[in-house]
Amino acid sequence: MKDDSESLFGELFDTPRRAVVPVLVPMPAPTAYSYAVPDGLTIEPGAIVQVPLGPRQVIGVVWDGGEDTSVDPKKLREITKVFDCPPLDQDMRTFLDWVAAYTLSPPGYVARMALRAPAALDPDPMIEGLRYAGYEPERLTPARQKVLEIAADGLSWTKSGLAHASGVSTSVIDGLVKQGVFEQVFLPPPPLVAAPDPDYAESRLAGPQKEAAEEILQSLSKGGFHVSLIDGVTGSGKTEVYFEAIAETLKQGKQVLILLPEIALTANFLERFQDRFGSKPGEWHSDLATRTREKVWRQVATGEIRVVAGARSALFLPFENLGLIIVDEEHDPAFKQEDRVFYNARDMAVVRARIAGFPVVLVSATPSVESQVNCIAGRYTRIHLPTRFADAAMPDLHLIDMRRAPPERGGFLSPILLRSVGKAVERGEQALLFLNRRGYAPLTLCRVCGHRFQCPQCSSWLVEHRFRGQIQCHQCGYHEPTPNACPECGTLDHLVACGPGVERIAEEVEKHFPDARTLVLSSDIGGVKRLRLELEAIANGEADIVIGTQLVAKGHNFPLMTLVGIIDADIGLSNGDPRAAERTFQLLSQVTGRAGRTGRKSLGLLQTFQPQHPVMQAIISGDAAAFYEREILERERAQLPPFGRLVSIIVSADSRAEAEGHARGLRQAAPHESGIMILGPAEAPLALIRGRHRFRLLVHGRRNSDMQAFVRSMLERGPKERRSIQVQVDVDPQSFL
DNA sequence: AGCACGCCGACT
DNA sequence: GTCGGCGTGCTC
């Protein structure tokens with residue numbers, strides 16, 4: 001610490017210049033800020049520091065590069081402190097720089113993602129322990145005798161632990177400490193999770209699984225960067241295969257990261273891991289308790305935690321010696337972050353591995369189109385698992401053409417589907433009816449004047465939720481109690497619900513099967529706890545007919561389910577999203593995969609108005625390869641990813657017309673061949689900013705450098721204009737290697 | 001991102 | 001007379 005007179009002295013006279021280092025601070029500045037290094041301190045790049053920034057103290061990280069001479073030396077402030085934790089290594093810094101450049105995000109924001117556990121930056125306080133020092137006490141009482149017997153092993157004990165084990169009070173120990181019989185030692189805090197044992201359980205792979213595992217192990221043994229894609233249907237043993245890759249990496253003494261979509265980070269997954277490795281992996285996700293989060297961060301940094309299973313943000317943990325990343329459910333859109341720094345953790349995982357020179361394994365039953373393309377192009381190695389484990393057969397899948405087998409008036413379930421549900425229930429088996437639409441009805445209108453209930457904030461339809469007695473906007477969260485009079489013409493009781501949601505399907509099911517036990521699973525009914533209980537009840541056979549939204553598609557297995565009915569398989573095929581077909585294919589594959597894991601004969605029925613649609617044909621034929629091939633050609637024709645690069649810019653605007661004006665401006669500003677397509681507000685993942693809508697403009701071009709230059713020019717407009725346009729960049733990466 | 005400063009409308 | 005809304009600008 002310098003006192004005032006000394007710094008005054010420093011300004012008046014020409015003292016040796018202080019060392020200055022660049023520091024990334026959690027702020028959207030385009031470059032690092034410069035800070036003075038306090039006298040007598042040496043600071044290396046990667047060091048995590050606390051620095052003054054305006055009126056507050058923030059956490060930053062010392063970056064690479066020389067001194068920035070453009071900054072006025074009088075403005076320089078000193079680093080407040082250096083945290084006692086491992087610095088971010090060169091690979092990590094290269095990675096963070098790369099991500100910032102690629103996603104066009106301020107580097108300080110990207111760095112902040114790696115520093116998400118502030119209090120973890122100082123080491124956990126040591127635990128005080130006692131160790132037998134080898135002396136006899138002056139007077140050996142029976143109580144002291146007992147303590148010495150226990151402590152004679154020379155291991156360290158906590159005071160209370162030793163007292164408890166010896167069956168004496170702590171004051172006995174105090175007496176012994178006073179006499180110097182015990183010496184005080186400081187122990188590091190116990191690890192959060194035990195080290196996984198690669199040989200804990202014998203791998204019990206056979207057939208194609210064994211071959212796949214061997215193929216992966218072979219590429220692992222070659223060392224260096226390499227990407228594999230394990231592609232196999234639900235139940236084909238993908239997890240068991242990549243567990244072998246994890247075991248091998250652990251044997252090499254390196255750490256492993258398993259990335260999972262948040263929703264798949266279940267107790268079930270952790271238990272499977274434990275069955276194989278004898279202990280659970282470290283967990284990392286958004287609702288980790290602060291304290292736990294800090295411990296995990298630190299123990300990952302020091303290398304104590306060997307395996308982390310985490311959501312996308314785990315990719316930015318500062319591993320001490322990372323040697324493998326697994327990305328399970330590789331296709332899942334949850335890997336894409338769409339605020340602040342826009343990134344896809346799957347792609348950035350590949351980048352991190354390339355920089356540090358280790359392998360990545362992508363895993364999915366329904367790989368993303370871009371990963372398929374990367375396999376075809378030879379950048380990734382595809383490992384295909386064609387069959388299910390053991391005797392679990394795939395369900396028999398059929399389309400129900402709704403034009404030929406329409407439901408009865410006022411209903412939504414085809415007689416064919418109803419008959420099958422009836423049979424399943426009679427046999428004492430379970431049926432799952434899937435409809436990806438929450439609530440009772442997606443649209444309500446007045447039969448008298450035709451008024452449609454619309455969200456006053458964002459103009460999408462208000463969805464009726466009978467269970468809650470509300471009409472809700474699924475876009476911005478607006479809701480009001482369900483009215484019984486039309487706000488337009490005032491007529492009472494002439495409001496009519498249009499179209500089905502899961503609640504309405506439940507109503508129809510209960511009418512047809514009054515004696516069956518029916519259960520609705522929807523994300524808006526009850527919390528996580530209730531959901532977990534309900535899933536357990538279903539697994540125990542406590543329901544006959546389950547009606548669910550998207551959340552039944554993920555992760556959970558229903559061993560008694562022998563019938564899956566999909567109510568409106570066409571939902572999502574025509575919403576303007578360039579990934580509509582891909583997403584629908586993935587969703588339908590997942591849902592139909594919920595059936596038929598028991599070895600019993602099982603059935604999947606898909607109600608559709610477009611039985612000839614390529615997605616429907618691909619689902620029933622099981623010919624995923626043909627579907628992907630077609631999808632790739634379609635995108636090539638539209639110049640969409642994976643062949644071009646897609647950047648979407650979110651603009652705030654009062655109306656679609658204003659958004660179109662911005663789009664015209666962009667089109668003129670774009671110096672290269674590009675297309676601009678407006679999605680929104682109904683389609684964009686929007687939130688309302690002060691009464692303005694957010695529109696997403698999809699801009700696509702073939703050349704990475706053009707896109708980057710274009711987006712930079714957008715971002716470099718003056719602060720005034722930037723505020724009115726509110727540009728946010730969303731990079732959907734393709735040729736990122 | 002935070003945070004302060006500064007400028008105009010409704011209130012103890 | 002002040003409190004507090006948010007528009008604007010700055011942080012090494």
Side-chain angles (χ1 to χ4, degrees), chain A residues 1-2 7 10-11 15-39 41-83 88 93 96-97 99-100 103-119 121 286 290 313 316 337-343 457 650-654 658 687-694 714-730:
Chain A
M1 279 286 152
K2 292 199 284 184
S7 55
E11 278 175 33
T15 51
R17 281 202 308 142
R18 296 175 292 180
V20 175
V21 291
V23 175
L24 287 184
V25 287
M27 205 194 62
T31 58
Y33 274 11
S34 300
Y35 282 87
V37 179
D39 290 338
L41 214 62
T42 48
I43 288 186
E44 50 179 337
I48 296 164
V49 294
Q50 189 181 58
V51 292
L53 182 67
R56 63 214 158 101
Q57 293 285 327
V58 297
I59 292 169
V61 51
V62 178
W63 220 236
D64 306 273
E67 188 177 324
D68 180 0
T69 47
S70 67
V71 54
D72 179 0
K74 284 203 278 293
K75 278 168 85 179
L76 288 180
R77 298 168 79 181
E78 275 190 353
I79 289 173
T80 314
K81 79 185 255 194
V82 182
F83 289 99
L88 302 184
R93 300 200 302 277
L96 296 177
D97 270 337
V99 172
T103 62
L104 298 148
S105 314
Y109 275 10
V110 180
R112 191 174 61 170
M113 298 196 295
L115 306 175
R116 269 304 158 87
L121 300 173
S286 60
T290 321
S313 58
F316 292 92
Q337 174 156 79
E338 306 207 72
D339 58 78
R340 298 200 174 97
V341 180
F342 285 59
Y343 69 94
Q457 297 180 28
I650 297 173
V651 301
S652 299
D654 286 327
E658 193 187 327
L688 235 77
I689 328 168
R690 288 183 203 143
R692 314 191 95 205
H693 304 305
R694 298 177 81 189
M714 290 305 300
L715 292 172
E716 278 162 11
R717 294 172 175 220
K720 253 189 207 164
E721 202 182 350
R722 185 156 62 232
R723 274 205 171 96
S724 72
I725 302 187
Q726 275 273 348
V727 181
Q728 281 185 3
V729 185
D730 168 9

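A, B, ... follow the sequence lines: proteins, then strands. Residue 1 opens every chain.
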Between C1' on dC10(C) and NZ on Lys74(A), what's the gap in Å once rounded to a whole number? 18 Å
Residues in side chain to side chain contact (heavy atoms under 4.5 Å, CB included) with Ser105(A), at least two apart? Thr103(A), Val110(A), Val341(A)
Given atom CD1 of Ile59(A) and atom P of dG2(B), what is their separation to the nearest angstrom? 12 Å
Rounding to a whole Å, what distance do you find between Arg77(A):CZ and dT11(C):C1'? 8 Å
Between Tyr35(A) (side chain only) and Pro52(A) (backbone N and O only), is there a donor and an acceptor less than 3.5 Å apart? yes
What is the distance, to the nearest angstrom, from the CG atom on Leu53(A) to the P atom on dA4(B)? 12 Å
Quick one: Leu24(A) CG to dT11(C) P, roughly how many Å, whole number? 18 Å
Hey, does Pro22(A) reach any base, or is it just sugar-phosphate, or nothing, if we go heavy atoms under 4.0 Å? nothing
What are the two closest non-hydrogen atoms of Arg112(A) and Pro26(A), and how far apart are they? CD-CB, 3.4 Å
Spacing between Gln57(A) atom CD and dC12(C) atom P, to the nearest angstrom: 10 Å
Applying salt bridge (charged side-chain N to carboxylate O under 4.0 Å, His left out) as the test, list every pair that has at least one member in residues 53-64 of chain A; sequence neighbours left out. Asp64(A)-Arg93(A)
Checking all strands, does Pro26(A) fall into the base, sugar-phosphate, or nothing category for heavy-atom contacts under 4.0 angstrom? nothing
Whole angstrom value for the distance that separates P of dC3(B) from CE of Met27(A): 13 Å
Could you check how far CZ of Arg116(A) sits from P of dA1(B), rounded to whole Å? 12 Å
Answer yes or no: does a side-chain N or O of Tyr33(A) lie under 4.0 Å from OP1 or OP2 of dT11(C)? no
